Amino acid sequence: MKLYDVTLTMKPGMPVWPGDIPVELERMSKIEEGANSNVSRLQISVHTGTHVDAPRHFLPEGKTIETLDLDALVGPALVFEIPEDQDLITADLLISLKYPEKVTRVLFKTKNSKIWALGTQDFEPRYTSISTDGAELLVKRGAKLVGIDYLSVAPYKRTRPTHEILLKASVVALEGLDLTEVNPGIYQVYCLPLKLYQCDGAPARVILVEQ
Ligand SMILES: [Zn+2]
């Protein structure tokens with residue numbers, strides 16, 4: 001059994017969405033300073049690193065993260081590769097790439113994964129994302145989980161429409177994956193967001209298991 005950890009390591013200095021607070025992770029008590037144990041504190045936006053969007057992120061009455069159906073988050077998933085010269089995942093592109101007729105869980109591997117490999121601290125606004133008609137096609141073909149390898153499923157400066165289409169259709173958006181090590185194909189995905197009370201999103205540990 002081969003296991004892939006497709007989660008970003010959460011650390012100070014990692015790129016975050018413009019306007020979000022930077023990651024603060026620091027030890028509050030230190031054994032070397034005489035404390036009984038090491039204890040750290042973490043301050044983040046819940047949309048930091050590898051994370052799940054709950055419908056509440058864009059829909060005022062939408063479900064919150066702790067109420068999401070885990071069925072969508074665990075099960076067979078297709079890692080689908082988008083050629084590196086493509087910036088927008090449109091319906092036409094998906095059709096031309098022979099996106100299957102029925103896919104419950106899809107994770108898009110795009111040129112974005114290379115951004116993580118660079119280790120840059122700056123936000124990259126020219127990431128590959130999903131258009132509105134692309135999102136509609138994914139919903140039509142049965143998506144319950146849609147993942148992507150940068151910080152938003154939607155284009156920068158136009159985040160609402162793509163999110164709304166997915167979240168209104170009860171599709172879970174999984175953002176900030178690192179798929180550098182993963183080849184296209186079918187895996188078993190385990191995506192487990194923190195169970196945060198009435199929250200619009202949560203960081204998640206995500207692993208893929210080769211079938
Ligand atoms: Zn998010």
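Counting convention: from 1, in listed order, for ligands and their atoms alike. Just so it is clear, the structure is predicted and the values come from calculations on it, not from any experiment.
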* **Near the Zn ion (ligand 1) (under 2.8 Å) - protein N, O or S atoms** => His47 ND1, His51 NE2, Asp53 OD1, Glu175 OE1
* To do: Using only heavy-atom distances, determine whether the side chains of His47 and Asp20 contain a donor-acceptor pair under 3.5 Å.
  => no
* **Beyond-backbone contact of Ile165 with Leu138, side-chain heavy atoms, under 4.5 angstrom** => no
* Tell me, do Val153 and Phe108 make a side-chain contact under 4.5 Å, heavy atoms counted? -> no
* If you round to the nearest 0.5 Å, how far is CG of Leu151 from OG1 of Thr50? -> 8.5 Å
* Any donor-acceptor N or O pair under 3.5 Å, side chains Thr90, Asp92 -> no
* **Whether Phe123 and Tyr150 hold their rings parallel, tilted or perpendicular, with breakpoints at 30° and 60°** => tilted
